[in-house]
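Each chain gets a letter, A, B and so on, in the order its sequence line appears, and its residues count up from 1.
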2 protein chains.
Amino acid sequence: MPGKRPAARRPTMKDIARRAGVSESAVSFALNDRPGVSEVTRDRVRRVAEQLGWRPSTAARALSGEGAATVGFVLARPAHTLGVDSFFLQLVSGIQEVLARRHLGLLFQVAADVEDECAVYRRWWAEHRVDGVLVVDPRTDDPRPDLLDELGLPAVVIGGAPDERHPGLSTVWADDAGAMASLVDGLHTLGHRRIAHIAGLPDLAHTERRIRALRAEAGRRGLTEVQSVTTDYSDAEGEAVTRRVLRSSAPPTALIYDNDVMAVAGVAAAAGLGFSVPADVSVVAWEDSALCRMVKPWLSALSRDSVEFGRTAATELVSLLDGGPARTVRVPVPRLIERDSTGPARAS
Amino acid sequence: MPGKRPAARRPTMKDIARRAGVSESAVSFALNDRPGVSEVTRDRVRRVAEQLGWRPSTAARALSGEGAATVGFVLARPAHTLGVDSFFLQLVSGIQEVLARRHLGLLFQVAADVEDECAVYRRWWAEHRVDGVLVVDPRTDDPRPDLLDELGLPAVVIGGAPDERHPGLSTVWADDAGAMASLVDGLHTLGHRRIAHIAGLPDLAHTERRIRALRAEAGRRGLTEVQSVTTDYSDAEGEAVTRRVLRSSAPPTALIYDNDVMAVAGVAAAAGLGFSVPADVSVVAWEDSALCRMVKPWLSALSRDSVEFGRTAATELVSLLDGGPARTVRVPVPRLIERDSTGPARAS
DNA sequence: TGCGCTCACTCAAGCGCTTTAGCTCAGCAC
DNA sequence: GTGCTGAGCTAAAGCGCTTGAGTGAGCGCA
């Protein structure tokens, strides 16, 4: 008897039809809220379906042209940077919340690089696996929008800048430039004149945006000793770059890190070099998480609601799947949470 | 012209059949390596398929009884504990690696609790969405194995103890008891007699295993001042519990944390109370990540290869899907990485 | 009474694939 | 010549659902 697989049979519409004494088509109409059946029949069918625990087979649905009831999400980052990043799990959990409500599945895949990611989209499309995708980490010179256009796959770009060249794509983005501007403004007010920006991956669109915004703000204020350095987001590079910039003859008095991991690593590196935070150097993390309260001093951070970000993106995709128009949605500008790592610049 | 969706048509087997001048059945045989076609035809068909960029429609495949080519993964943890946890992303990336090679999709879902998770399995099963699932966070008194048995859904339990009651399930697990034993042994050798174990979620099977193992080890050595306290894995509880245990009249000289996040929070809490690590109290984290090297002192940690763990689990599931037998696989015992947070007990 | 119309429903085809049964023809033994 | 075999292929059904084209009853209206 052991090892026996009962494998209870799944009920189908045919079963419902039989029990309700109507045709399969009637069942289909009834369950999909289509006209063509009386309210009485509809109710009866619904009751039978419920009672049988019926659920539509996604395979059959997909095959008859209804789409796969699934959206795709590819993460293309080097494996080692996937580590201690709270952003993606939060984002995904927000996405889920919205998708689950519509019984849409989330097909998740990690890819080695963007090229790989494109291959995944092609495969998903050819295999009829997804109805749309959520694209993260948009890049400067990104091949993905063109591809998705070509495939006719509805998509929402998360974190991209508005893009007129692809009117089919929705975009959900945060105003990095604005955030950077107010950040620089705050630091400037505190007397900081030498600022280093330890940025993320060089090819990412938002990295680019932040770098440009910083340069613009510096220009406007006549600050000449302002720099951005790109990294791979890892604690290792955060530490290495911090060490390098602080060792210069006129070290920065404020450090802006593009994520929390590097900021934490950076604080440790600064301490190692004898710099005290915030007395000698102020630190701000672009991304708030528990991490920021795990080190002394607690890190001031730009906080955004990543879960909400995910919700927004998913909502846009759902609307796209419903035939809605592509849109560009801006989520709220991240808010600076002032903690103990920022203070007035040391008088030079 | 803008907004036009070209929506290139997907090639089907019919297209291949036409171009290759054979019937659809022949194409099916050829492409699935089934007997019934000559090598010459097989080659020709394959070439045409390749040239057309054909990929089988998963929907059609699933409908004709081949399974959905997808496995499911549900994460049922309170949203706020999802934050800074490196384990799951690593695990998933290991899983992916194996699944991708077989062109299996990973359907991912976050659920509120185990009950919710069960509902997801039922739905997936009824909707024909997945061929098997990976179950994480096994619990004492877990409803999931029974359910999966009932549904006849192949499954691999990740982190569970071997379970004879469900011969249909595969299990991939680490020997927590052994790891705990050697940990206690090490601490005992260093002179520690009062040990506090800040454990994870109380219902998880591995939490239970570790607690029991600690108690057993303490019993064997006649240590009476050894305790385990369960938490929700969050930095907040890690900090609170640390504070509480260190405030007692005879505070522990060694702290074992069930994850890296709590360990880091704990070190900060200890420092706040005037305890120096490792002089006054030693700290070990059960889970190694970049976090452990982001604080001073660097944390000693039990390190396991989570990516490999994922690979192993996925491999087992694939074998199950191929009709292989259910198995129980043990992954290597986590290894203690000694850094700066452990040392001899202060002479009392 | 008969015409046309609507409503509620049924029939049957079709989505892209697998699979079983069957068909054809060459090769061979007798 | 007949009969058998097996290799190589085709025809057709079926998976569970949707959908457009019927069908037939009931009704209003001239």
*Would you kindly say whether T41(B) and S38(B) are connected by a side-chain donor-acceptor distance under 3.5 Å?*
yes

*DNA chain C-proximal residues of residues 17-25 of chain B, any heavy atom under 4.0 Å*: E24(B), S25(B)

*Lys/Arg-Asp/Glu bridge criterion (N-O < 4.0 Å) met for R102(B), D322(B)*: yes

*Looking at side-chain heavy atoms only, is the closest gap between R165(A) and P145(A) below 4.5 Å?*
no

*In residues 27-34 of chain B, which residues come under 4.0 Å of DNA chain C by heavy atom?*
S28(B), F29(B), N32(B), R34(B)

_Test item: L99(B) and F73(B) side chains (from C-beta on) under 4.5 Å apart, heavy atoms_ = no

*For the pair E150(B) and R122(B), find out whether any cationic side-chain nitrogen is under 4.0 Å from an anionic carboxylate oxygen.*
yes

_Is it true that R34(A) and S28(A) share a donor-acceptor pair across their side chains at a distance under 3.5 Å?_
no

*Calculate the interatomic distance between K14(B) atom NZ and dA12(D) atom P; express it in whole Å.*
14 Å

*Sub-4.5 Å side-chain heavy-atom contact between V71(A) and V130(A)*: no

*Considering only heavy atoms, which members of residues 51-62 of chain B lie under 4.0 Å from some atom of DNA chain C?*
W54(B), R55(B), P56(B), S57(B), A60(B), R61(B)

Mind listing the N/O atom pairs, protein and nucleotides 23-26 of chain C, below 3.5 Å?
none

N/O donor-acceptor pairs under 3.5 Å from side chains in residues 45-52 of chain A, not counting sequence neighbours:
from: R46(A); atom 1: NH1; to: D33(A); atom 2: OD1; distance (Å): 3.1

*Backbone N/O of R139(B) and side chain of D142(B): donor-acceptor pair under 3.5 Å*: yes

*Does some side-chain heavy atom of I16(A) sit less than 4.5 Å from a side-chain heavy atom of L31(A)?*
yes

*asked:* Can you tell me how far apart CD1 (I158(A)) and CZ (F309(A)) are? Round to the nearest 0.5 Å.
replied: 6.5 Å

*Would you check if D137(B) and F88(B) make a side-chain contact, meaning some heavy-atom pair closer than 4.5 Å?*
yes

*So which nucleotide from dG16(C), dC9(C), dT19(D) ends up closest to the side chain of L63(A)?*
dG16(C)

*Check for a donor-acceptor pair, side chain of R330(A) on one end and backbone N or O of W173(A) on the other, with a separation under 3.5 Å.*
no

*asked:* Around atom CZ of R55(B), are there more than 12 heavy atoms from other residues, nucleotides or ligands closer than 6.0 Å?
replied: yes

*Does any residue of residues 38-50 of chain B have a heavy atom under 4.0 Å from DNA chain C, and if so, which ones, in number order?*
none

*Side-chain donor-acceptor contact under 3.5 Å, R129(A) with T70(B)*: yes

*To the nearest angstrom, how far is M13(B) atom CE from dC15(C) atom P?*
13 Å

*At under 4.0 Å between heavy atoms, what does G36(A) touch on the DNA or RNA strands: base, sugar-phosphate, or nothing?*
base

